[in-house]
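Just so you know, ligand 1 is whichever comes first in the structure, and atom 1 is the first atom listed for that ligand. Keep in mind that what you see is a predicted model, and the values were worked out from it rather than measured.
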Amino acid sequence: MSRIIQKAACVGGGVIGGGWIARFLLNGIDVAVHDPHPEARRIVGEVLDNARHAYRAMMNAPLGPEGALTFHDDLAEAVADAEYIQESVPERLDLKHRVFAAIEAAARPDALIGSSTSGFKPSELQVGMAHPERLFVAHPFNPVYLVPLVEVVGSPVNDEAALSRAMEIQRETGLHPLRVRKEIDAHIGDRLLEAVWRESLWLVHDDVATTQEIDDVIRFSFGLRWAQMGLFETYRIAGGEAGMKHFIEQFGPALKWPWTKLMDVPEMTDDLATKIGDQSDAQSGMHSIRELERIRDDNLVGIYQALKANDWGAGKTLREMEDRFFERAKDSAAAAAPDYAAPLVLHETRVPGDWLDYNGHMTEYRYLQVFGDATDAFLGHIGMDAAYRAPGRSVYTVESHIRHLAETSVDTRLCVRTCVLGHDARRIRLHHEMVDEAGNVQATSEHMLMHVDTNAGKASPLEAPLTDRLARLSRGQRGLTAPAHAGRPIRDIGWPEPV
Ligand SMILES: NC(=O)C1=CN([C@@H]2O[C@H](COP(=O)(O)OP(=O)(O)OC[C@H]3O[C@@H](n4cnc5c(N)ncnc54)[C@H](O)[C@@H]3O)[C@@H](O)[C@H]2O)C=CC1
Ligand SMILES: C[N+](C)(C)CC(=O)CC(=O)[O-]
């Protein structure tokens, strides 16, 4: 599975540019960056650290090699051989026009140019361009490396084939591109957000609620719902068995009641800005922005994983992204033809706070989760993907033995070293060793895996490509010495003498 593009360029590497850079790099695409900010390298580096931290926790698939990151003082040099260029400079039309003129002068004629603009229409951005048809809006959401939506907006002059190609590239990096049908100021997402933002400003202005109270209303109520169902699906359910029609009959008239001041904007006076700033400091000032980013990212990863378990919404996008990572890992293993004379490292993770038990250590079943994820990574590595499973072939774990050797604590970075201890026509005997960053072994596990015909519900012989990869792997692994504890049962400790 070859990469969809080799090289992207990011012009602007702030909050949003940094997020684009991280998404491209972690998906193995080289990125050339132009940002005149004297601390651009540090800022991008910190966004990248956050992104790596989030991907390690989020992805079951091996992350694979990152793309190469380069910084360029000269914009022309940065964009020269890029296939996809993403502009994320401040939201000023004159600045964006100057940047597009410079990009056009230096970019390949077939390079795609996306703008992160939150509000400008593509036809406004395209003014003055020699080839406006290749510039489009690709509006992402913060943090770009985690939130999947990107709104793709063209004007009547845009080249549809170029837009489709841009969306294909975005999809390959785990994004969920939505083609906005008509250009409109602030696209779709920001129009919705601005409505909530305007009303929130009124509520603070009129002393109805503090910033904390408004945030609580969102996060303890509809914010929870919106990660999994949008407004219309949620309201359909709220209509009861009669659905949307009943909902509209019941709540339609409220649209004309004075529930909202949405057509009106409070004047952003110094007093209002200070009030909001002070309330926000009281609400969140105890955390640095970096801490808040980590809290946000860890929560998003948790939500993502819950949605992935249901193959729903953004969780489905994550699963598809993992499938692509597994595919790439399989291909690079095949291409690299490793000699397999050492344990394989196919799974890494970090211990989040909610994995701890009342002893303050990683709770028992999370060990099995980490080892189970490592087994899945191993099976992906030898070729068991969705296509292999589709006709009813899979692998079940029929026996496991875990040894808990250390007190694994929160935030520990773990990697799992995997060895094959043997296999026959239907079974694979696997050994995992869970180690922390310093190389201390936290736990080991041994598993017997059985290949099954899931339609018939019984064991069946392993098939190609699993058999081919296993044959190659076992040539190297056969020489490894099995750990002394391998194959040992839990020792019998007998019973105390009766008293
Ligand atoms: N911050 C947000 O929540 C979101 C912002 N956006 C859009 O993304 C764009 C960028 O916004 P942010 O990243 O928030 O701003 P930012 O201020 O964090 O970053 C802008 C970056 O552009 C750099 N820059 C300035 N002039 C430049 C030039 N001539 N060439 C290259 N780089 C230059 C600055 O040094 C800075 O690092 C805007 O169009 C904004 O509307 C889109 C989605 C969300
Ligand atoms: C505030 N904002 C308009 C820049 C926000 C966005 O554009 C999208 C987001 O990430 O919320």
Atoms in ligand 1 flagged as close to [X], the criterion being non-hydrogen separation under 4.0 Å:
X      : result
Val11  : 30 (N), 31 (C)
Glu91  : 38 (C), 39 (O), 40 (C), 41 (O)
Ser118 : 5 (C), 6 (N), 7 (C), 40 (C), 41 (O), 42 (C), 43 (C)
Pro140 : 43 (C)

Taking the six-membered ring of Tyr55 as reference, does the cationic atom of Arg52 (NZ for Lys, CZ for Arg) lie under 6.0 Å from its centre and within 45° of its axis?
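Negative - Arg52 is either too far from the ring of Tyr55 or too far off its axis.
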
Val99, portion touching ligand 1 at heavy-atom distance under 4.0 Å:
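The part of Val99 near ligand 1 is the side chain, not the backbone.
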
Heavy atoms only, cut-off 4.0 Å: how does Glu91 contact ligand 2, side chain, backbone, both, or neither?
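Within the 4.0 Å criterion, Glu91 makes no contact with ligand 2.
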
Just checking, any donor-acceptor pair under 3.5 angstrom between side chains of Gln170 and Tyr84?
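A donor-acceptor contact under 3.5 Å links the two side chains.
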
Please determine whether a side-chain nitrogen of the Lys or Arg among Glu249 and Lys245 lies less than 4.0 Å from a carboxylate oxygen of the Asp or Glu.
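Answer for the salt bridge query: yes.
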
Salt-bridge contact Asp81-Arg108 (side-chain N to carboxylate O under 4.0 Å):
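No, no charged N to carboxylate O under 4.0 Å.
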
Pair Arg350, Asp298 - check salt bridge (charged side-chain N to carboxylate O under 4.0 Å, His left out), show working.
CA-CA 11 Å; Arg350 183 194 61 88; Asp298 289 347; 3.4 Å; yes

Quick test of your reading of the structure: of Asp190, Val147, Asn142, Leu149, whose heavy atom lies closest to atom 3 (C) of ligand 2?
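Looking at heavy atoms only, the winner is Asp190.
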
Check whether any heavy atom of Lys96 sits under 4.0 Å from an atom of ligand 1.
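True for this residue.
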
I'd like to know if atom 8 (C) of ligand 2 has any protein heavy atom within a distance of less than 4.0 Å.
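Protein heavy atoms within 4.0 Å of atom 8 (C) of ligand 2 - there is at least one.
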
Tell me: protein heavy atom nearest [atom], and distance?
atom                    : answer
atom 11 (O) of ligand 2 : Leu193 CD1, 3.4 Å
atom 37 (O) of ligand 1 : Asp35 OD2, 2.6 Å
atom 5 (C) of ligand 1  : Ile16 CG1, 3.2 Å
atom 22 (O) of ligand 1 : Pro90 CD, 3.4 Å

